[in-house]
Amino acid sequence: MHTTTSSESTSPLPNLTKALIEFQALVPTIHENDNSYHGAFVNLPGVLSKIGPALRTSGLAVSQLPEQINAQPGLRTTLMHISGEQISAVTPLSVNNGKNGTQEWGKSMTYTRRYALLSVLGLCVGIEDNDADITEKALAKPATKVEGVADKDQPLSKEDRELCLGLIQELSADNLARFCKDFRRDFGLASDAKIAPVLTGVKHQNWMNENLKNYV
């Protein structure tokens with residue numbers, strides 16, 4: 001993972017500094033809440049659920065948006081205080097080559113967002129976190145193949161299913177609503193059907209590979 005960043009800040013930052021100290025005193029301990037090929041880690045929703053209340057109480061907000069750095073994809077993370085003071089930095093995204101560029105970008109974005117959040121807020125989970133090192137080979141580990149069933153109707157491996165569900169969780173509320181509506185339509189599901197229990201087959205992953213770019 002690249003570590004070079006491009007940063008911006010206003011100086012001095014007395015209000016933001018005071019608020020950050022208050023935030024660090026308020027935020028609860030962040031524990032690992034997920035597992036990957038390499039072991040336990042804390043996922044992005046786990047970080048966000050812990051920091052949200054303390055951020056609001058301290059008058060802080062964090063923005064994370066895509067931005068190019070040196071003509072390469074990057075992530076700008078900005079920590080803002082209600083006084084107008086802020087610090088900002090751009091971190092390059094390490095995007096692997098894969099069958100679907102959007103999925104690879106989404107994996108890198110999720111991983112980098114998590115680490116950038118912890119960094120800008122001065123937080124440490126205190127556990128080893130190697131989930132971003134999952135190889136393409138590991139992600140492609142197949143489920144038990146069912147004889148006599150077409151490839152598109154084969155079940156997803158556990159790793160690929162978790163990857164698909166993780167990418168769905170990263171969608172904004174509006175994009176998630178559109179995604180679910182189109183998924184239900186294309187697979188003949190009821191308008192209120194839950195997506196997670198249904199997303200179990202290679203055909204669902206293929207659909208996401210073709211369509212996920214429309215919701216990012």
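Residues take their numbers from the sequence shown, with the count starting at 1. For clarity, every value in this text was computed on a predicted model and none was experimentally measured.
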Rounded distance [0.5 Å steps], CD in Gln205 versus CG in Asp160: 4.5 Å
Non-hydrogen atoms of Gly74 and Ile69 that approach each other most closely: CA-CG2, 4.2 Å
4.5 Å side-chain heavy-atom contact, Pro92 and Gln72: no
Val47, Leu48, Val62 screened by side chain to side chain contact (heavy atoms under 4.5 Å, CB included) with Arg113, the one that passes: Leu48
CD1-CG distance between Ile168 and Leu212, expressed to the nearest 0.5 angstrom: 8.0 Å
For Val202 against Pro155, the heavy-atom pair lying closest together: CG2-O, 4.0 Å
Contacts of type side chain to side chain contact (heavy atoms under 4.5 Å, CB included), residue Pro53, not counting sequence neighbours: Arg56
Check: Pro45 main-chain N/O paired with Ser49 side-chain donor or acceptor under 3.5 Å: yes
Atom pair NZ (Lys181) and CZ (Arg185), whose distance is rounded to the nearest 0.5 Å: 8.0 Å
Side chain Ser108, main chain Glu104, donor-acceptor under 3.5 Å: no
Between NZ on residue Lys194 and SG on residue Cys180, distance to nearest 0.5 Å: 10.0 Å
Exam field: side chain Gln24 to backbone Leu121, donor-acceptor pair closer than 3.5 Å: yes
Stepwise side chain to side chain donor-acceptor pair (under 3.5 Å) check, Asp182 with Tyr215: CA-CA 10 Å; Asp182 293 345; Tyr215 311 101; 2.6 Å; yes
Check: Thr200 side chain, Val198 main-chain N or O, donor-acceptor pair, under 3.5 Å: yes
Same apolar cluster: Leu26 and Val120, side chain cutoff 4.5 Å: no
Arg76 (side chain) donor-acceptor with Val90 (main chain) under 3.5 angstrom: no
Steps toward side chain to side chain contact (heavy atoms under 4.5 Å, CB included) verdict (Glu67, Leu75): CA-CA 5 Å; Glu67 181 175 318; Leu75 170 72; over 6 Å; no
Within-4.5 Å side-chain heavy-atom neighbours: Met109 and Pro66: yes
Separation of Leu199 CG from Leu156 CG (nearest 0.5 Å): 6.5 Å
Steps toward side chain to side chain contact (heavy atoms under 4.5 Å, CB included) verdict (Leu60, Ile82): CA-CA 7 Å; Leu60 295 170; Ile82 56 175; over 6 Å; no
Euclidean distance, His204 NE2 relative to Leu165 CG, rounded to 0.5 Å: 11.5 Å
Closest approach of Ala116 to Gln64 (non-hydrogen atoms, all atoms of both residues): CB-NE2, 3.7 Å
Mutual orientation of the aromatic rings belonging to Phe179 and Phe183 [parallel < 30°, tilted 30-60°, perpendicular > 60°]: parallel
Donor-acceptor contact below 3.5 Å, side chain Asn211 vs main chain Trp207: yes
Check against side chain to side chain contact (heavy atoms under 4.5 Å, CB included), Tyr111 and Leu93: CA-CA 9 Å; Tyr111 181 77; Leu93 298 180; over 6 Å; no
Counting only pairs under 3.5 Å, give me each side-chain donor-acceptor contact of residues 13-23, with atom names and distances, residues two or more places apart or in other chains.
from: Asn15; atom 1: ND2; to: Glu85; atom 2: OE2; distance (Å): 3.0
from: Thr17; atom 1: OG1; to: Leu13; atom 2: O; distance (Å): 2.6

Worked check of side chain to side chain contact (heavy atoms under 4.5 Å, CB included) between Met80 and Ser63: CA-CA 8 Å; Met80 301 168 285; Ser63 170; 3.7 Å; yes
Common cluster, Leu117/Ile87, ILVMFWY with side-chain heavy-atom separation under 4.5 Å: yes
All side chain to side chain donor-acceptor pair (under 3.5 Å) counterparts of Thr78, not counting sequence neighbours: Ser88
